[in-house]
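For reference, the structure is listed below as structure tokens.
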Amino acid sequence: MSRTVAATAAVLVTALSTSVPQAGADTPAFRDPALPLNTRVTDLVSRLTLDEKISLLHQYQPAIPRLGIASFKTGTEALHGVGWSTDVHDDGNVVTATATVFPQAVGLASTWDPELVERVGSAVGDEARGLHSQNPDVWGLQLWAPVVNLLRDPRWGRNEEGYSEDPLLTGAISTAYGHGIQGEDPDHLKAAPVLKHYLANNNEVRRDTTSSNLRPIVKHEYDEAAFRPAIAADAATGVMTAYNLVNGRPMTAHSDVNDVVRTWTDRDLFTVTDASGPNNLVDSQKYYPSLVEANAATLKAGVDSFTTDNTDPTRTTTAIRTALERGLLAESDVDTAVRHIASVRVRLGEFDPGGGPHAGITADVVDSPAHRALARETAGDAVVLLKNEGAALPLDPATSKDVAVIGPLADTLYTDWYSGALPYEVTPRAGITARLGDDGTVTGTEGVDRIALRDVATGRYVTGGTDADGDVLRATGTAAGPAQQLDVFDWGGGVLTLRSAANGRYATLNGSSFTNSAEQPHGWFVQQQFVLEDAGDGTVVVRYAGYEKAHDWSGPEEYLTVAADGTLVLGATSAAGAARFAKEVVRSGVEEAVAAAKAADTAVVVVGSMPFINGREDHDRTDLNLAESQRALVRAVHEANPNTVLVLENSYPTTVNEEQEELPAILWTTHAGAETGNALADVLFGDRNPAGRVTQTWYRSAEDLPDILDYDVIEGDRTYLYFDGTPLYPFGHGLSYTSFRYDRLSIDRRSIDAHGRARVSVDVTNTGSRAGDEVVQLYTHQRTSRDEQPNQQLRAFQRVELHPGQTRRVELDVAAADLATWDVTRNRWAVESSVHDVLVGSSARDVRLRGALRVDGERIPARTLGTGTRAVDFDGYAGVDLVDESRVRGDAVGGSAGDWLRFRDVDLGRGARTFTARVARAAAGEATVQVRLGDPVHGRLLGTARVPSTGDVHSYVTTTTALHGARGRQDVYLVFTGDARVSTFSVR
């Protein structure tokens, strides 16, 4: 999709959206703000014809002229500022907002400051209203943000969009952002936030066909726990369903939308699908045979709006009508969805006289001075000081008058796929220059090589156009002048971008040839990516690595060749057929950087990521490494000047083991918007004392992680909750320019019952000479439990500001209900009787004080398998998949030969005699399920149940077998000998 810059001139709003009747005797009830919400919604729905109601189920809801109802568009992107929307009048093409861009979402969370994030959300809600006042057809007030998916794996391409690997922190930040967007009056919404992407959507590889295996304890304690807080606090008005499947069932049509999400609130939720999600049910997922069945299932599952087919509602509305005719849907199903939609539209003030209390917000708020100041404050508060040896920071302007700002991100700012356009830019170099003013000198270099590529066959140099639009790249130059020179930016994994020195534009695929015309790497299919491969004879071949190549629709050719007229074209399928180029280094980036560093008092090296490359939507990272040439640059600069500060500007944790070992100071920031440079300068020179904290574990290597598709954080020892290794930076880590002491930990009671609450208090003192913020973190660890417990789990936190010598008594609450675990033996929450360690400190690994709290709850009894035990409620497993019991609801377990399930501490009494199970097998022939005690391989075999072919994975039959020698308290194993599914079973 193409993006166009949003028009700044106000547009005329249609008569439908302006001629709202004033309340009076003849005013329809749905337009009367004095009436209860339910009354207004009921009245509106009752006035709609069936066709009108069906029309409201597509993402572009048309106007209904006879009722004076304007059109309504779902989904303005607003992840960290108003980002973009789509234009119904331009075939749904993307329109990018020029608005305040706050730090990326993971950066917002790194502030650990819900109050600040709520102010950010309020600013975003204001700007959404301001843009809406200009053009409501484009800037809808349903905002698709925030992203609440947990950052369980730092390789996830969309890491920048989430908040944290921890559900409590994620819930707190998302609730704050949502409250801010909505405004203070929940009955009169400023804008309507929608949480993305429900549920367990943390991989981009095959994201529409992979299934996230969530055993119940992980689903309830981890993934759902991140989504519930904002919904329960009325800080969100709906969810967007994810592309992926969970336990074999596509989330687009997953019954959990009704069965789970809607139970968290008494409010009506307006839920939406992700783009093209409904069509995936039929196409890539092949879950339903037709769109009629798919759309019917989606609507009945609790989804209200179909985001599909761009601006054309025909397929959706036709399928819904057909489903009604065939009896797959009742009109009441349509009514339910329309009620949900109408409820949020009423709360947005659309049907109030004058448009409601927020209608007076105009475009003046967009990029206002107040929002610029808030952006700078937020970007500064989000910075994390990862290392500061020997008080290398803050810099003293008196002794660091000459600063070299070096690196590929030193003099540029990047936005991401969900950013708006920057109204202005303060780069790191510009921010430092402004901070030093006339009292210092700032020099710099990007530290990248400038090269020329000479076609070996002709001796001619690759040449670009010199004007702003560039030209077709051709091997026609006779010398390596400016028009022939390219700056090489390395973003990791061998992927490079090539910027033409002739005009400052990037080389990009443009039709069948290449031009130097791109302002930045950008777009859904990033077409500015290249790899220079060693040809083995001192030359290189150029492989085009644009993202669309992964989809094969552009043909098999990957390598550049030179046409007869010198034009570079995509003409070879392998390196053997590619043109060979001599790579001539015109200027060494490292040598230039070293020279700058040697001449400076201090070197600030800014390296990191380009948000459209190697980690973004549709593309996971394959490792955690900093680009190799960037590492070499950092190493060389530090050798040239020991007073080197490393600034990591990226969207995710990065492996910087060597840098942590060698460099005196390291800062981390996300891509933080227009104020990035000012915020960094504020922190570097001590005008702002850093207090950001990392929100996910920084691992030392990708080898510390299981496969990205492994969603079992417990079994995979993933996140700070279960990771037993030594992280590079632990969850919650972040340093300060001052120091803090913790004293006098007290817990206001020694024990609580299952409904109780304890208050934990601690004195925190600023023992340094600077004012600063400390993020006080409270963790607990349950000492005894039926099930494996986290090493520690965040239960509360507070960011507190302290002046030098000041002490504050920080009070944090712990509720017994929050310590509950999911009991698979009884399929419910349980507060177990146990002592909990109470751990207070500055990170998950920096615990300063410890206490203990006894919880008098319950003891989970020995398990019984007497009737209707769900196979998915196992205690341990090997090799199985969690699958859909039916297309509508329910989970089952699918296994192959050698796979097994463990059910621990089962009370078999004086002797169980029969095993009975509901089983399915699609393949011909039969398999068996063995029942064993104590061990899946060598344990005593009690019996073997046949699993005949049922012809379909969703067709179940009952199988049974006699058991011999089953008695007492035992671990029971079900062992698969072939492909089969088990939904429920009993041993009695």
Side-chain angles (χ1 to χ4, degrees), residues 106 149-159 162 164-167 170 197 199-207 209-226 242-248 492-493 614-615 619-625 652-655 657 694-731 787-793 822 824 844-845 872 874-883 891 893-896 898-902 936:
V106 69
N149 299 107
L150 291 162
L151 305 183
R152 66 179 180 95
D153 193 312
R155 295 169 298 187
W156 182 38
R158 303 179 76 166
N159 194 87
S164 172
E165 69 185 17
D166 179 75
T170 296
H197 313 79
L199 181 73
N201 178 202
N202 284 117
N203 61 276
E204 299 306 295
V205 56
R206 304 189 307 279
R207 61 181 180 162
T209 57
T210 57
S211 180
S212 306
N213 280 354
L214 294 185
R215 54 177 168 138
I217 193 169
V218 175
K219 182 172 185 281
H220 293 299
E221 292 187 10
Y222 191 65
D223 288 276
E224 286 180 357
Y243 283 128
N244 56 285
L245 298 82
V246 168
N247 297 353
N614 292 348
H619 295 275
D620 294 312
R621 288 196 292 166
T622 56
D623 59 40
L624 303 177
N625 301 328
Y652 35 65
T654 302
T655 300
N657 299 333
V694 298
T695 66
Q696 56 191 135
T697 302
W698 286 48
Y699 299 95
R700 292 183 178 273
S701 168
E703 294 179 1
D704 289 333
L705 293 164
D707 188 276
I708 196 170
L709 297 179
D710 181 355
Y711 275 75
D712 191 339
V713 294
I714 302 174
E715 190 75 10
D717 297 330
R718 184 172 292 189
T719 79
Y720 84 97
L721 295 164
Y722 299 100
F723 182 59
D724 292 324
T726 302
L728 178 61
Y729 304 117
F731 174 80
D787 299 303
E788 181 179 352
Q789 290 296 311
N791 299 322
Q792 66 277 313
Q793 185 162 1
W822 185 257
V824 293
R845 296 291 180 101
V872 74
F874 52 76
D875 293 301
Y877 65 98
V880 300
D881 280 319
L882 306 188
V883 295
D891 295 331
V893 175
S896 301
D899 296 349
W900 51 262
L901 301 175
R902 178 193 183 203

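Being a predicted model, the structure only gives us computed values, none of them experimental. Residue numbers start at 1 and run along the sequence shown.
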Is there a donor-acceptor pair under 3.5 Å between the side chain of [X] and the backbone N or O of [Y]?
X: Arg152; Y: Asp710; result: yes
X: Asn202; Y: Leu150; result: yes
X: Thr697; Y: Tyr699; result: no
X: Asp620; Y: Val205; result: yes
X: Asn149; Y: His197; result: yes
X: Asp707; Y: Leu709; result: yes
X: Asn791; Y: Asp724; result: no
X: Ser164; Y: Thr170; result: no
X: Ser211; Y: Asn247; result: yes
X: Asp623; Y: Ser701; result: no

Look up atom [atom1] in [X] and atom [atom2] in [Y], then write down how far apart they are to the nearest 0.5 Å.
X: Leu151; Y: Trp156; atom1: CG; atom2: CH2; value: 6.5 Å
X: Arg621; Y: Glu204; atom1: CZ; atom2: CD; value: 13.0 Å
X: Leu705; Y: Leu624; atom1: CG; atom2: CG; value: 6.0 Å
X: Asp881; Y: Asp899; atom1: CG; atom2: CG; value: 8.0 Å
X: Tyr652; Y: Gln696; atom1: OH; atom2: CD; value: 11.5 Å
X: Tyr729; Y: Arg845; atom1: OH; atom2: CZ; value: 15.0 Å

Closest heavy-atom pair and its distance - [X], [Y]:
X: Ala200; Y: Ser212; result: O-OG, 2.9 Å
X: Val218; Y: Tyr711; result: CG1-O, 3.7 Å
X: Val713; Y: Thr719; result: CG1-CG2, 4.4 Å
X: Leu199; Y: Ala242; result: N-CB, 3.7 Å
X: Asp153; Y: Asn159; result: O-OD1, 4.1 Å

In the structure I gave you, are the side-chain heavy atoms of [X] and [Y] within less than 4.5 Å of one another anywhere?
X: Thr695; Y: Asp166; result: no
X: Ile714; Y: Ile217; result: yes
X: Asp875; Y: Asp787; result: yes

Can Arg207 and Asn244 be said to form a side chain to side chain contact (heavy atoms under 4.5 Å, CB included), step by step? CA-CA 5 Å; Arg207 61 181 180 162; Asn244 56 285; 5.8 Å; no
- Query: Is the Phe731 ring parallel, tilted or perpendicular to the Tyr720 ring (thresholds 30°, 60°)?
  - Reply: parallel
So the side-chain hydrogen bond (donor to acceptor under 3.5 Å, both in side chains) pairs with at least one residue in residues 214-225 (sequence neighbours excluded) are Arg215-Asp712, Lys219-Glu224, Lys219-Asp256, His220-Glu224
task: Would you kindly say whether Asn203 and Thr210 are connected by a side-chain donor-acceptor distance under 3.5 Å?
output: yes
Would you sort out whether Asp891 and Val883 count as a side chain to side chain contact (heavy atoms under 4.5 Å, CB included), showing the intermediate values? CA-CA 6 Å; Asp891 295 331; Val883 295; over 6 Å; no
